[in-house]
Amino acid sequence: MTITRVLAMQLWQSHYGNAAYAEDFDGGLMYRDAYGDPNYYEWRNGTKVYCGWNIHHIHPLARGGKNRRDNMICTNIITNQEAGDKITYWLENGLYQVQKKRGTSIHYIVKLEERT
């Protein structure tokens, strides 16, 4: 499955409906119309907030993950870059780990620890 803008917008719609803004699993702000734009930002409370987003593979392809819809989520581009191809990783708001749902081929992201 090739990730296209059409697929990305379908994923957005399935997770966030018609919302113009949403937060990814780590709280990264995303603006629907900023798909694929690493330079899109807005000023929020005097802070420059990057809102570009793309598709993140929950179980990274480099680690055996599949290029299927159930393995894809919308994430802020910065979140996606930070997570990369890792299974366990620190992001701004905590420590995360990719885990497999017992008895299935489905993977999901679990927050293990809050960053203080």
Side-chain angles (χ1 to χ4, degrees):
M1 172 181 299
T2 303
I3 298 174
T4 62
R5 183 174 186 81
V6 170
L7 172 62
M9 291 302 151
Q10 289 171 350
L11 287 170
W12 179 282
Q13 181 70 32
S14 69
H15 289 278
Y16 308 111
N18 293 323
Y21 292 90
E23 289 185 356
D24 67 19
F25 68 92
D26 189 52
L29 186 63
M30 301 178 292
Y31 175 55
R32 181 186 57 225
D33 294 340
Y35 170 72
D37 186 349
N39 298 314
Y40 186 88
Y41 65 89
E42 294 187 7
W43 289 96
R44 297 277 173 113
N45 299 321
T47 301
K48 190 176 189 178
V49 178
Y50 286 92
C51 303
W53 64 279
N54 57 20
I55 301 301
H56 176 71
H57 289 86
I58 298 167
H59 185 203
L61 298 176
R63 304 279 186 144
K66 305 295 182 203
N67 204 16
R68 300 185 324 228
R69 283 181 188 251
D70 64 1
N71 191 42
M72 297 178 190
I73 57 173
C74 304
T75 59
N76 182 289
I77 290 174
I78 294 170
T79 301
N80 196 8
Q81 290 172 341
E82 293 285 322
D85 289 337
K86 298 182 284 282
I87 298 294
T88 303
Y89 45 87
W90 281 100
L91 296 176
E92 184 175 334
N93 291 318
L95 178 64
Y96 296 89
Q97 186 175 69
V98 175
Q99 297 182 0
K100 185 175 180 183
K101 185 175 180 181
R102 187 173 299 206
T104 73
S105 62
I106 305 295
H107 288 79
Y108 57 98
I109 299 169
V110 175
K111 190 173 195 175
L112 299 175
E113 186 177 325
E114 290 282 328
R115 189 174 297 267
T116 55

Is any side-chain heavy atom of Asn54 less than 4.5 Å from a side-chain heavy atom of Tyr35? yes

Pair Leu95, Glu114 - check side chain to side chain contact (heavy atoms under 4.5 Å, CB included), show working. CA-CA 7 Å; Leu95 178 64; Glu114 290 282 328; over 6 Å; no

Are any non-hydrogen side-chain atoms of His107 and Asp70 less than 4.5 angstrom apart? no

Which pair of heavy atoms, one from Thr2 and one from Asn67, lies closest together, and at what distance? N-ND2, 4.4 Å

Glu92, CD atom: more than 12 neighbouring heavy atoms under 6.0 Å: no

Can you confirm whether Ser105 sits close enough to His59 that some side-chain heavy atom of one is under 4.5 Å from a side-chain heavy atom of the other? no

Can you tell if the side chain of Met72 reaches within under 4.5 Å of the side chain of Leu11, non-hydrogen atoms only? yes

Looking at side-chain heavy atoms only, is the closest gap between Phe25 and Thr75 below 4.5 Å? yes

Where does the angle between the aromatic ring planes of Tyr31 and Tyr40 fall among parallel (under 30°), tilted (30 to 60°) and perpendicular (over 60°)? parallel

What's the shortest heavy-atom distance between Ile58 and Pro60, and which atoms? O-CD, 3.4 Å

side-chain contact (heavy atoms from CB on, under 4.5 Å) test vs Tyr96 passes for just one of Asp26, Val110, Ile87, Thr88, namely Asp26

Minimum heavy-atom separation for Val98 to Lys86, with atom names? CG2-O, 4.5 Å

Tyr50 backbone acceptor or donor facing Asn76 side chain under 3.5 Å: yes

Exercise: identify the closest heavy-atom pair between Ala20 and Trp12: O-CZ2, 3.8 Å

Side-chain contact, heavy-atom cut-off 4.5 Å: Glu82 with Tyr89? no

Taking only residues two or more places apart in sequence, or in another chain, which ones meet Tyr21 in a side-chain hydrogen bond (donor to acceptor under 3.5 Å, both in side chains)? Glu42

Ignoring hydrogens, what is the shortest heavy-atom contact between Cys51 and Ala34? Give both atom names and the distance. O-CB, 3.9 Å

Is there side-chain contact between Met30 and Asp24, with at least one heavy-atom pair below 4.5 Å? yes

Pair Tyr16-Arg32, side chain to side chain contact (heavy atoms under 4.5 Å, CB included): steps then yes or no: CA-CA 9 Å; Tyr16 308 111; Arg32 181 186 57 225; over 6 Å; no

Side-chain contact, heavy-atom cut-off 4.5 Å: Ile109 with His56? yes

